[in-house]
Amino acid sequence: MADRMSVLFDASKCTACQACSIACKQWNSLPAEKTTLTSSYQTHQTFTPQTWTFITFKEVWANNKMEWLFFKKQCMHCAEAACLKACNHDAISHTDKGFVVIDHEKCIGCGYCVTNCTFNVPRIHPKTNKAYKCTGCPERVSNGLKPACVQTCQPEALVYGTRDEIMAMAKNRLEKIKPLHPQAVLYDAPKLEGVNFTYILLREPEFYQLPNDPAVPVSVDIWKDFIRPFGGLAIAGAVLATTVGFIKTRGQTTEHDYASPKGKEVGKDE
Amino acid sequence: MNNDRIKRFSLVERISHWMHTVSFFILVLTGLVVLTPKFHFLASLFGGVQETRIIHRVAGVMFSFGTVLLFMIGDNPAFVRWIKDITTWGKEDVAFLKEFPKEFFGGHANLPEQGRFNSGEKVNSLLILIDGGILTITGFMMWYAESIPLGLIRWAYPVHDLAAFIMIAVIVAHMYLGLLHPGSKEAINGMLSGTVSRSFAKLHHAKWYREVTQKEKSK
């Protein structure tokens, strides 16, 4: 995709002001949701049909230092998207900029994308029966603007550009922060052919509860690439066999050669 | 029982069979709506996509617990006898199954005597029971997906699909044999009126026919 755009989240710059969460709500006209007060600043624990991005806060005491690590959760916009593959209704597709979007005209709310998403992102709204997640702000992006979260990020922890620009920028930045954050990594997901939401993480992915080498679940591949075609063949085979059987038995009666110890009488036509 | 017919299936057996049949067709039609957008038009039969999904689950309960409980409780002796029949296998069954394709495609087969259910019918019953069980379990898993661990629920979809395809293929053959195949189409009467012709029974289920006529004589 020559036009493939990406967003970089740089954990070394994020201040967890959560303006990105609010910008997303404002741009998409999503209501605030009632949450539970915990002993953390983290306001949301999981995605909902109306909360498409939020910041996670993790406190870690290591090397005599207190580290407070922030992470922005939203749809990863995978190039190889498990949700897309799992969808039975062609409701999920990539925009020309490479973001994964759900078409709500087609979505029937079956929830297959929810359970098969590598990152467990989409959520079904119980009233509209549709799946919702970060859209990548297609209406902004197609008009030359940045996604709402990126636009509002004051410390510039979120950067938007072409995939090549973003990847180069990320690699440079990673080098720069290594002295201060020796365990920093670039999280890109090669098995998914890259994610359009790329991360500079300050610690290993498991720490942020991210899968280490994310891939489309094997079950989705087996399901769509083998079982579906096989199933179609099995039914076609059954129809073919019965058609052939029907043709070849035209004109026959119930006469058969059933073996019988009482002699041939039982086995003959009556 | 009059002279040219013999009782084959009780009222409960027949009702539970047809309940199974009707719920199966509803499951296939509603399932097709969710399977692919190509069959989305079928949703209008049921009043919309969400209604279709609800009806699929209701029919699923009917298909599984409904028919099995009806059979098990309504005619327990027949149910127990059925389970015994389909789990009793011998050399003659292997011989029958080997010869059967000839019979299916219009040739002359050398088929050993059969009991109440021939080997093919036993295979059919076992497939329906096992495959139906798999469909039921994976179906309920998907129904309550939020309560099932992700690693497990992800396998429910391909397994449910596979089991459904197999079930449809089996039923295509089952319907053909019961309705159209000259050698076996008398069988449908067993499921409708409950009786089959004596000549059919003598020919196709000789062992069973002998048991039944011996009982008749001893009355």
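The chains referred to below are lettered A, B, ... by the order of the sequence lines, with proteins before strands, and numbering in each begins at 1. Both backbone and side-chain heavy atoms feed into the values below; hydrogens, waters and symmetry mates do not.
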With a sphere of 6.0 Å drawn around [atom1] of [X], does it hold more than 12 non-hydrogen atoms of other residues, nucleotides or ligands?
X: A/Glu139; atom1: CD; answer: yes
X: B/Lys185; atom1: NZ; answer: no
X: B/Glu92; atom1: CD; answer: no
X: A/Gln209; atom1: CD; answer: no

Closest non-hydrogen atom pair, [X] against [Y]:
X: B/Arg154; Y: A/Cys117; result: NH2-O, 2.7 Å
X: B/Pro37; Y: A/Asn88; result: CD-O, 2.8 Å
X: A/Ala234; Y: B/Ala169; result: O-CB, 3.8 Å

Handout entry: Expected output: side-chain B/Tyr176 to main-chain A/Val239 donor-acceptor under 3.5 Å
Key = no
Region of [X] that comes under 4.5 Å of a non-hydrogen atom in chain A:
X: B/Leu150; value: side chain
X: B/Val170; value: neither
X: B/Ile153; value: side chain

Roughly how far, to the nearest 0.5 Å, is the [atom2] atom of [Y] from the [atom1] atom of [X]?
X: A/Thr242; Y: B/Met175; atom1: OG1; atom2: CE; value: 9.5 Å
X: A/His89; Y: B/Leu35; atom1: NE2; atom2: CG; value: 9.0 Å
X: A/Thr243; Y: B/Leu180; atom1: OG1; atom2: CG; value: 10.0 Å
X: A/Ile235; Y: B/Ile171; atom1: CD1; atom2: CD1; value: 11.5 Å
X: A/Lys248; Y: B/Phe104; atom1: NZ; atom2: CZ; value: 11.5 Å
X: B/Ile166; Y: A/Ile227; atom1: CD1; atom2: CD1; value: 9.0 Å

Exercise for the section: Answer yes or no: is there a side-chain heavy-atom contact under 4.5 Å between A/Ile222 and B/Trp155? Expected result: yes
Exercise for the section: State, yes or no, whether a side-chain contact exists between A/Tyr112 and B/Val34 at a heavy-atom distance under 4.5 Å. Expected result: yes
Relative to chain B, which segment of [X] carries a heavy atom at a distance below 4.5 Å: side chain, backbone, both, or neither?
X: A/Arg228; answer: both
X: A/Phe230; answer: side chain
X: A/Ala241; answer: both

Exercise for the section: Could you walk me through whether B/Tyr157 and A/Thr115 pass the side-chain hydrogen bond (donor to acceptor under 3.5 Å, both in side chains) test, one step at a time? Expected result: CA-CA 10 Å; B/Tyr157 306 101; A/Thr115 44; 2.7 Å; yes
Fill in the blank from the handout: Looking only at B/Leu162, B/Val172, B/Asp161, B/Val159, most heavy-atom pairs under 4.5 Å shared with chain A are made by B/Asp161
Fill in the blank from the handout: Of A/Ala91, A/Pro217, A/Gly232, A/Ala236, the largest count of non-hydrogen pairs under 4.5 angstrom with chain B goes to A/Pro217
Exercise for the section: Run the numbers on B/Glu103 and A/Thr249 for side chain to side chain contact (heavy atoms under 4.5 Å, CB included), then give the verdict. Expected result: CA-CA 9 Å; B/Glu103 154 75 26; A/Thr249 54; over 6 Å; no
Practice task
Could you please state which residues from residues 45-66 of chain B sit under 4.5 angstrom from chain A, measuring non-hydrogen atom to non-hydrogen atom, sorted by number, or 'none'?
Solution key: B/Val49, B/Gln50, B/Arg53
